[in-house]
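What follows is a set of notes on a single structure, which appears directly below.
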Number of protein chains: 2
Amino acid sequence: MADSDPSQMGERRRGSGVKMVYDLLRDEIMNLELAPGSAVDEVQLASRFGMSRTPIREALVRLAAEGLIETLPNRSTMVSNIDFLNLPAYFDALVLMYRVTTRLAAQHHRGVDLGIIRAQQAEFSKAVQAQDALAMIATNAAFHSAIAAAGRNSYYSAFFERLLNDGRRMLRLYYQSYDDRLPPRFVEEHEEIIAAIEARDVAAADRLGKVHGEQIVEQIGRLLTRHEGIDIEL
Amino acid sequence: MADSDPSQMGERRRGSGVKMVYDLLRDEIMNLELAPGSAVDEVQLASRFGMSRTPIREALVRLAAEGLIETLPNRSTMVSNIDFLNLPAYFDALVLMYRVTTRLAAQHHRGVDLGIIRAQQAEFSKAVQAQDALAMIATNAAFHSAIAAAGRNSYYSAFFERLLNDGRRMLRLYYQSYDDRLPPRFVEEHEEIIAAIEARDVAAADRLGKVHGEQIVEQIGRLLTRHEGIDIEL
DNA sequence: TCCTGATCTCTTGTCGACAAGAAAAATACA
DNA sequence: TGTATTTTTCTTGTCGACAAGAGATCAGGA
């Protein structure tokens, strides 16, 4: 909330400014520190970061390309609202990508991948024990991102990553209202997923990915909407 | 190829410049009028479009966000190369999205959708008869985009659209070297797909989407790489 | 000839200033 | 008091200029 961050005010390397602004705003938006619908002012950001509007603008253009902010021509820029109308569609896509990425990881993972996945799972487990909702959401996403990376399909990875990021805001909203408790079952399910991947058991990976995804959908979606559930054989 | 387009040089509405540059460059890149690897110069574009570098830059940032151009820091900007290494991954994703979008269209399409889809199919058929490869690629993509839109899942639509756009460059390359002939079978398959959607036959839509996707993969992929083929039940 | 270092050139990255567009505020008028 | 119209204000969109980085070129020495 400080007007400016002194540690960032010194000499900056040319080109680093946009990335810094982009990363920071992205985090603030996804963690709901910047509320959906709240205004994003270029000059304000410029003075906050001690730079001109040009690099700020570039960061905003990138955020807009990802759908995280919206611009009203000539008028204003604001943080995108969370689209609850499309929630069933979102859940369909999410569950399918859970399945596909887990399945591909079982097929294509190599030596280093399991170590990375296990490290993310350790982080996730730690966050669950600490009841830290923000960390749970972030580490859960990182865990599944690592699995997607092991699947060696950059198209799926990119799409999945985007879905997870979109979901972070909704999940945050959910956990905010339910007091940060999350069933330890998720931790166990993660372990089962890891085992299936390690055993290269594609069918099990697929099934576990589906169950795990639907688990989360159940938790969040039941209250908000009737979920249809696509039933597709891969 | 003209240095500048006089019809576009008059008074422009504020904000329309970026869109125009973005759309045009996007088209030129996807139609291979701008070769992969070729340089993209900001000042050159600025003089070509009769505007300053700022709006050009914004358009380029957006193209970069979509992966259509790549930026070497402080040095240069160029049209992205086509990634032939990831072709199997690309085909997997493409076939899956063919299936998913066709299937969802069979489930969720409404009155207006079929008309739009049929219109696109008519365009496609016309392009095939005219042996116009560029038009075939574009109208085929539009046909499947229309189907995806009828499926009412914006996450899938956006992802699929992106895959189709990525594919346009590869397809163009392919047809360039094979003298623009394309089996009329594709037209028939499109008809079958429309019929399945209209009949709300989800299983048939799924199967036809898969077959149709694999058909295209076969045509293009066989020469370039061994295709693995994901076999997943939806 | 080949390596090393300085200089040059070319493109991008950043800046401050100004203009345009749209909403909000203020004013005029019945 | 209510409404139409003008003015103000606030934010974004665009511009031209300058600086920095990184390769390319060139000069000098072995």
Side-chain angles (χ1 to χ4, degrees), chain A residues 3-5 8-25 29 34-81, chain B residues 3-5 8-25 29 34-81:
Chain A
D3 210 28
S4 61
D5 187 337
Q8 308 285 2
M9 294 292 289
E11 294 296 304
R12 243 179 295 102
R13 233 193 338 281
R14 183 185 169 86
S16 70
V18 288
K19 180 171 165 36
M20 176 184 137
V21 174
Y22 171 81
D23 287 340
L24 200 71
L25 285 182
I29 291 172
L34 285 175
S38 63
V40 175
D41 188 283
E42 292 178 6
V43 296
Q44 191 177 314
L45 287 171
S47 77
R48 172 179 166 195
F49 289 102
M51 59 182 76
S52 90
R53 278 175 52 219
T54 309
I56 304 287
R57 210 140 205 290
E58 183 170 331
L60 293 184
V61 167
R62 282 164 56 178
L63 290 169
E66 288 186 46
L68 287 172
I69 65 175
E70 280 167 30
T71 52
L72 286 301
N74 284 314
R75 199 63 203 131
S76 68
T77 307
M78 54 183 234
V79 178
S80 297
N81 286 301
Chain B
D3 209 26
S4 59
D5 186 338
Q8 308 286 0
M9 292 295 287
E11 295 296 306
R12 242 179 295 100
R13 234 191 338 281
R14 184 184 168 87
S16 70
V18 285
K19 178 168 168 35
M20 175 182 138
V21 174
Y22 170 82
D23 287 341
L24 200 72
L25 285 182
I29 291 173
L34 286 175
S38 64
V40 175
D41 188 285
E42 291 178 6
V43 295
Q44 191 179 316
L45 288 171
S47 77
R48 172 178 167 195
F49 289 101
M51 59 182 76
S52 91
R53 279 176 51 222
T54 308
I56 303 287
R57 210 140 204 290
E58 183 170 329
L60 293 184
V61 167
R62 281 164 57 179
L63 289 169
E66 288 184 48
L68 287 172
I69 64 175
E70 279 168 32
T71 304
L72 286 300
N74 285 315
R75 198 65 202 132
S76 67
T77 307
M78 54 184 232
V79 178
S80 296
N81 286 302

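Chain A is the first sequence line, chain B the second, and so forth, proteins listed ahead of strands; every chain is numbered from 1.
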Q) Quick one: B/L45 CG to C/dT12 C1', roughly how many Å, whole number? A) 13 Å
Q) Looking at B/G67 and B/S80, what are the two nearest heavy atoms and their distance? A) O-OG, 2.8 Å
(Q) Using OP1 and OP2 only, check whether a side-chain N or O of B/T77 sits under 4.0 Å from C/dT11. (A) no
Q) Is any side-chain heavy atom of A/V61 closer than 4.5 Å to a side-chain heavy atom of A/E58? A) no
Q.
Which heavy atom of A/S38 sits nearest to which heavy atom of A/L34, and what is that distance?
A. OG-C, 4.0 Å
Q. In whole Å, what is the span from the CD atom of B/E58 to the P atom of C/dT14?
A. 15 Å
Q. Does a side-chain heavy-atom distance below 4.5 Å link B/L25 with B/L60?
A. yes
Q: Check every strand shown and say whether B/V40 touches a base, only sugar-phosphate, or nothing at a heavy-atom separation below 4.0 Å.
A: sugar-phosphate
For nucleotides 6-9 of chain D, print each protein N/O atom paired with a nucleotide N/O atom at under 3.5 Å, atom names and distance only.
none

Q: Could you tell me whether the side chain of B/L24 reaches within less than 4.5 Å of the side chain of B/R48, counting heavy atoms only?
A: yes
Q.
Rounded to whole Å, please give me the gap between CD1 in A/I56 and P in C/dG16.
A. 12 Å
Q. Within this structure, what is the CD1-to-C1' distance between B/I69 and C/dT12, rounded to whole angstrom?
A. 12 Å
Q: Using side-chain hydrogen bond (donor to acceptor under 3.5 Å, both in side chains) as the criterion, list what pairs up with A/R62, not counting sequence neighbours.
A: none
Q: Check the distance between D/dC10's P and A/M78's CE and give it to me in whole angstrom.
A: 21 Å
Q: Measure across B/S52 and B/I56 and return the closest heavy-atom pair with its distance rounded to 0.1 Å.
A: O-CG1, 3.4 Å
**Q.** Distance in angstrom units between B/E70 CD and C/dT11 C1', rounded
**A.** 17 Å
Q: Output the single nucleotide from C/dC15, D/dT12, D/dC15 whose closest atom is nearest the side chain of A/D41.
A: D/dT12
Q. Please give, in whole Å, the distance from D/dC15 C1' to B/F49 CZ?
A. 18 Å
**Q.** Residue whose nearest DNA chain D nucleotide is more 5′ - A/P73 or A/R13
**A.** A/P73
(Q) Tell me the closest heavy-atom pair linking A/M78 and A/G37, and the distance in Å. (A) CB-O, 3.8 Å
Q | Below 4.0 Å: OP1/OP2 of D/dT14 and any side-chain N or O of B/T54 | A | no
**Q.** Nearest-Å distance for atom pair CE/P, residues A/M51 and C/dG16
**A.** 12 Å
Q | Where A/F49 and A/R12 come nearest, the two heavy atoms and their spacing | A | O-NH2, 3.8 Å
Filtered N/O pairs between nucleotides 17-20 of chain D and protein, under 3.5 Å:
from: D/dA20; atom 1: O4'; to: A/R14; atom 2: NH1; distance (Å): 3.2
from: D/dA20; atom 1: N3; to: A/R14; atom 2: NH2; distance (Å): 3.3

